[in-house]
Amino acid sequence: MSPKGKIADIQMIQLPKIEDKRGNLSFFESKHQIPFSMERVYWIYDVPGGHERGGHAFILQNEFIVALSGSFDVRVDDGKNKQIFSLNRSYYGLYIPNGIWREMRNFSTNALALVASSTFFSEDDYIRNYADFLKYKWG
Ligand code: TYD
């Protein structure tokens with residue numbers, strides 16, 4: 001078995017930034033700036049100091065995460081290698097393919113995490129136990 005989703009597949013993507021004296025504008029579109037089609041957008045906000053989000057992997061869903069305001073870290077793990085990405089600009093986003101364990105931490109005050117997902121919500125797509133994740137990835 002050759003599991004999808006290795007650390008090397010994760011990409012920090014710089015988004016267009018249209019600067020204007022009225023302020024800046026950035027955007028992303030399915031299959032243009034991000035390498036998948038979106039079915040869902042959700043956002044994480046009002047995270048109390050010191051709390052973490054994530055702590056799971058997805059079987060099918062691909063995601064793209066943008067720090068629309070504030071900052072936070074995304075720790076990714078493919079079962080063999082780990083990396084931490086810091087998100088702190090609204091014109092950069094992190095593409096995470098399926099099959100990657102992720103944790104989000106160090107949320108600043110007023111951090112707003114926008115997440116675009118390739119699938120509709122399904123709890124069945126989650127692997128929430130790290131030992132199960134390792135088994136799923138590497139047998
Ligand atoms: P979860 O994905 O575990 O949050 P995080 O990864 O940010 O820590 O989701 C938290 C809860 O919200 C869980 O009960 C599932 C529910 N949920 C939805 O109903 N729809 C969604 O689109 C998402 C992302 C979560």
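In this chain, residues are counted from 1 in sequence order. One-based numbering, in listed order, for ligands and for the atoms of each.
Applying the salt bridge (Lys or Arg N to Asp or Glu O under 4.0 Å) criterion to R105, with sequence neighbours excluded, gives E52, E103. Partners of N106 by side-chain hydrogen bond (donor to acceptor under 3.5 Å, both in side chains), not counting sequence neighbours, listed by chain and number: D73.
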Acceptor/donor pairs from residues 125-132 side chains to any protein atom, 3.5 angstrom cut, sequence neighbours excluded:
| from | atom 1 | to | atom 2 | distance (Å) |
| --- | --- | --- | --- | --- |
| D125 | OD1 | I59 | N | 3.3 |
| D125 | OD1 | L60 | N | 2.7 |
| D125 | OD2 | L60 | N | 3.4 |
| D125 | OD2 | Q61 | N | 3.0 |
| R128 | NE | E123 | OE2 | 2.7 |
| R128 | NH2 | E123 | OE1 | 3.2 |
| R128 | NH2 | E123 | OE2 | 3.4 |
| N129 | OD1 | A131 | N | 3.0 |
| N129 | OD1 | D132 | N | 2.9 |
| Y130 | OH | D77 | OD2 | 2.6 |

Quick one: do D78 and K80 satisfy salt bridge (Lys or Arg N to Asp or Glu O under 4.0 Å)? Show the steps, please. CA-CA 5 Å; D78 65 8; K80 285 205 164 138; over 6 Å; no
Just list the N/O pairs, ligand 1 to protein, that are under 3.5 Å apart, with the distance for each.
| from | atom 1 | to | atom 2 | distance (Å) |
| --- | --- | --- | --- | --- |
| ligand 1 | 2 (O) | Y126 | OH | 2.5 |
| ligand 1 | 3 (O) | R128 | NH1 | 2.9 |
| ligand 1 | 3 (O) | R128 | NH2 | 3.0 |
| ligand 1 | 4 (O) | R53 | NH2 | 3.1 |
| ligand 1 | 6 (O) | G54 | N | 3.4 |
| ligand 1 | 6 (O) | H56 | NE2 | 2.5 |
| ligand 1 | 7 (O) | R53 | NE | 3.1 |
| ligand 1 | 7 (O) | R53 | NH2 | 3.2 |
| ligand 1 | 8 (O) | R53 | NE | 3.1 |
| ligand 1 | 8 (O) | R53 | NH2 | 3.4 |
| ligand 1 | 8 (O) | G54 | N | 2.8 |
| ligand 1 | 22 (O) | R40 | NH1 | 2.5 |

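Remark: side-chain polar atoms of S118 are not paired, donor with acceptor, to backbone N or O of S37 under 3.5 angstrom.
Rounding to the nearest 0.5 Å gives a distance of 9.5 Å between CZ of F28 and CD1 of I13.
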